[in-house]
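One-based numbering, in listed order, for ligands and for the atoms of each. Along the sequence shown, residues carry numbers from 1.
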Amino acid sequence: MQNALAKARARTITPRQLEVDIPPHTPRYWMGGDAYSTHLMNALSLLFPPGERFFMDAVREFRGQVSDPGLLQQVRGFLGQESLHSREHKTFNQWLAKFGIDADGIEQAVTDEIAERKSKRTRLDDLAVTCALEHFTAIMAEGWLDETEMRESAVEPLRTLWTWHAIEELDHKSVAYDVYQEIGGDYERRRAWMLRISFGFILGVSIMHMRFMWRDGLFKRPGYLAKRWWKYWGPRGAFTKLIPSYLSYYKRDFHPWEHDHNALIARFERVLSERYDAA
Ligand SMILES: [Fe+2]
Ligand SMILES: [Fe+2]
């Protein structure tokens, strides 16, 4: 882990430019024609613009208390990456409106919900919430990059959009956490917010996911839904595999770089640059 941490600390976090242009013929069920997976990803994407704005605000709040120049550079990189993610997911979410999804309304509702919750807690709590959700995004990013069949079922340019986002989530996965540690954030608060956020996040995504599937009449096909659910939550399911990484967050001496993602990042950076070269 020391080696992974040293490499991570030496890393300069740089936002990679991407501007997604979704062609008109892009299919509604862009995850290989699969409605279940498509709606799951759509639900996540609708959370990103308001969620990532919240992460940026939470980290910015404490930037003035960070003295380590390496970490300060990483904070700048983190802010740059998250703001580009928000912009590109906004484009993606606007495209969803074509299929009757009220992207603006949903993003506004999430923004209002975040503001309401923020008003009831401290800024240090916001940072602990950000650390927890950044851990979620990092493990989901790992899942996306690891699940070759699922990832490759996504049509272009959406596969590139999600792969680009996944790489950068791994790239900056420890920034909020390191800021939290540097300013003396305590273990109990970090653990308590992870517990609360896990429940709220999974419930929030599931409700939106189910609403989209309900609208498309998928509850008339329980066999299909059960099979897809099993693909994610069965014994070798895409989400089940992430549980050990998720649980590691509860250790007192946890650090995001105890899972070394340097090789994975490097591998997918090559995949992305080949796509850029071909474009
Ligand atoms: Fe992001
Ligand atoms: Fe992030």
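- Among heteroatoms of the N, O or S kind in Glu82, OE1 lies nearest the Fe ion (ligand 1).
- No donor-acceptor pair closer than 3.5 Å links the side chain of Arg191 to the backbone N or O of Tyr250.
- The Fe ion (ligand 2) has Glu134 among its coordinating residues (N/O/S atom, backbone or side chain, under 2.8 Å).
- Ring geometry, Phe239 versus Tyr232: the interplanar angle falls from 30° to 60°, so the pair is classed tilted.
- Here the N, O or S atom of Glu52 that is nearest to the Fe ion (ligand 1) is OE2.
- A salt bridge is defined here as a Lys NZ or Arg NE, NH1 or NH2 lying under 4.0 Å from an Asp or Glu carboxylate O, and Glu142 with Lys173 fails to meet this definition.
- The distance from the Fe ion (ligand 2) to the nearest N/O/S atom of His85 is not under 2.8 Å.
- In this structure, a donor-acceptor pair under 3.5 Å is absent between the side chains of Asp104 and Gln108.
- The Fe ion (ligand 2) has an N, O or S atom of Glu169 under 2.8 Å away, backbone or side chain.
- Atom CZ of Arg196 sits in a sparse spot, with 12 or fewer heavy atoms from other residues, nucleotides or ligands closer than 6.0 Å.
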